[in-house]
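Note that the coordinates shown come from a computational prediction; the quantities given were computed from them, not determined experimentally. Quick note: numbers below take in every heavy atom, side chains included, and nothing from hydrogens, waters or symmetry partners. Lettering follows sequence order; numbering is per chain, from 1.
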Amino acid sequence: MIDKTLQNFDISKFQANLINWYHANKRDLPWRKDQDPYKVWVSEIMLQQTKVDTVIPYFQRFITKYPTLQDLADADQQDVLKTWEGLGYYSRARNLQNAVREVVSAYGSKVPANPKDLGALKGVGPYTKGAILSIAFNQPEPAVDGNVMRVLSRVLKIEDDIAQPKVKKDFERYTKNIISDDDPSAFNQGIMELGALVCTPKSPMCMLCPVQEQCRAFEDGVEQKLPIKSKAKKQKTIPYVALLIRNEKNEYIIEKRSETGLLANMWQFPMVPIDEIGMDHIENWVDMEYGIQVDLGNNLGKLKHVFSHIIWQLDIIEATTESEKVIDKRVKLVDKNRLADYPFPVSHQKMMKYMREE
DNA sequence: AAGGCGGGGCC
DNA sequence: GGCCCAGCCTT
């Protein structure tokens, strides 16, 4: 039983061309030095929605710091977030550590090599599950990501909207039918590598493509129009006054964000949602929120920070306080030179550049 | 099915 | 500015 889409598609030739090309052209990446399931796992989590060039230094530092499952399981979550700082999508780090602890306690520190147990781990979805099973355990499981959908939408000339969940399932079905049983690792990585290096979103280099002969989009001259993808809706801008509050000892007020939602468990400088509070009630709000009295100072500048779904517009204002202690568990007065011990989102790292020197 | 969830690099 | 990136989770 085979999909209509795959009729007249030369699967063996596609596999051979792709895999030969991959072995000859694959990049020398740090997570390709061995097949350690733990390292494959870490790399796949980091690579979610993140480019290879961005991941490389993070992967190196992470593995140096946590060489084994046990090391990561034993680590402090704040320490893990600090190591992840700047990489984004911080729930990946929290879920990874939770899942690693699960593997240590429930599976004797062996990454489960079957779809059911592996896919049940926190943060391991359909793609990551297939990637680990194929790359670390050489099992012929599909690993469909954006690259795979782009490459296959062109090769098979599929004009469905790849933003729709059901369409991704179609691609998983196609991949099950065309994946190589001899070298599923090279097959999956080969399609992704092809998507990253040749079959790129814009201006694909079809003249260099090992499967050009099998590509229906190229044959019809429509490769630039594929894949079809519906547009994401625009982000809403939220204005804040962000406060750099210091005392005479050059300590700054920081707070730990909620343990759920945006930037969970990361630290930040106080942010006043100005649409709700109003410019005239900032000191009052700070008193209510943190139990400290402040004097507002100069306006230091503006920062715009773009997320996937919202935009922060930050007005940075300096302030002073005479407090030397705070009560709240999630709020701290921290010496300027110790701020680097805490995980901050990039937006607030940028704020630190506005702090006065002394 | 749709929306929340980061950040950087490209055009 | 918009788009894309080796996606997953929650609702």
**Message:** Does C:dA6 have its OP1 or OP2 closer than 4.0 Å to a side-chain nitrogen or oxygen of A:T128?
**Reply:** no
**Prompt:** Looking at the side chain of A:S308, which of B:dG6, C:dA6, C:dC9 is the nearest nucleotide?
**Reply:** B:dG6
**Message:** Any residue in residues 48-61 of chain A with a heavy atom nearer than 4.0 angstrom to DNA chain C? Just list them by number, or reply none.
**Reply:** A:Q48, A:Q49, A:K51, A:V52
**Item:** Closest listed nucleotide, where the reference is the side chain of A:Y127 and the choices are B:dG3, C:dG7, B:dC5
**Value:** C:dG7
**Request:** Scan A:F307 against the nucleic acid and name what it touches under 4.0 Å (heavy atoms): base, sugar-phosphate only, or nothing.
**Result:** sugar-phosphate
**Asked** With the threshold set at 4.0 Å, does a side-chain nitrogen-carboxylate oxygen contact exist between A:R173 and A:D170?
**Response** yes
**Modelled atom types, side-chain donor and acceptor of A:E318 and A:Y354, under 3.5 Å** = no
**Request:** State whether A:H305 places a side-chain N or O below 4.0 Å from either non-bridging phosphate oxygen (OP1 or OP2) of B:dG7.
**Result:** yes
**Request:** With heavy atoms under 4.0 Å as the rule, sort A:I310 into base, sugar-phosphate or nothing.
**Result:** nothing
**Request:** Please check if A:F218 and A:V222 belong to a single hydrophobic cluster, counting links between Ile, Leu, Val, Met, Phe, Trp and Tyr side chain heavy atoms closer than 4.5 Å.
**Result:** no
**Asked** Can you tell me if the side-chain N/O atoms of A:K202 get under 4.0 Å from OP1 or OP2 in C:dC3?
**Response** no
**Asked** Where along residues 148-168 of chain A does a heavy atom come under 4.0 Å from DNA chain B, residue by residue in number order?
**Response** A:P165, A:K166
**Prompt:** When we call it a touch if two heavy atoms are under 4.0 Å apart, what does A:G261 touch: a base, just sugar-phosphate, or nothing?
**Reply:** sugar-phosphate
**Side chain of A:K304 (C-beta onward), nearest among C:dA6, C:dC5, C:dG1** = C:dG1
**Asked** What about the rings of A:F187 and A:Y22, do their centers lie closer together than 6.0 Å?
**Response** no
**Gap separating the CD atom of A:Q97 from the NZ atom of A:K122, nearest 0.5 angstrom** = 14.0 Å
**Asked** Think A:H309 has a side-chain N or O under 4.0 angstrom from the OP1 or OP2 of B:dG3?
**Response** no
**Prompt:** Would one find a side-chain N or O of A:Y90 under 4.0 angstrom from OP1 or OP2 of B:dG7?
**Reply:** yes
**Prompt:** Quick one: A:M46 CE to C:dG7 P, roughly how many Å, whole number?
**Reply:** 15 Å
**Request:** Answer yes or no: are there more than 12 heavy-atom neighbours, outside A:Q164 itself, under 6.0 Å from its atom CD?
**Result:** yes
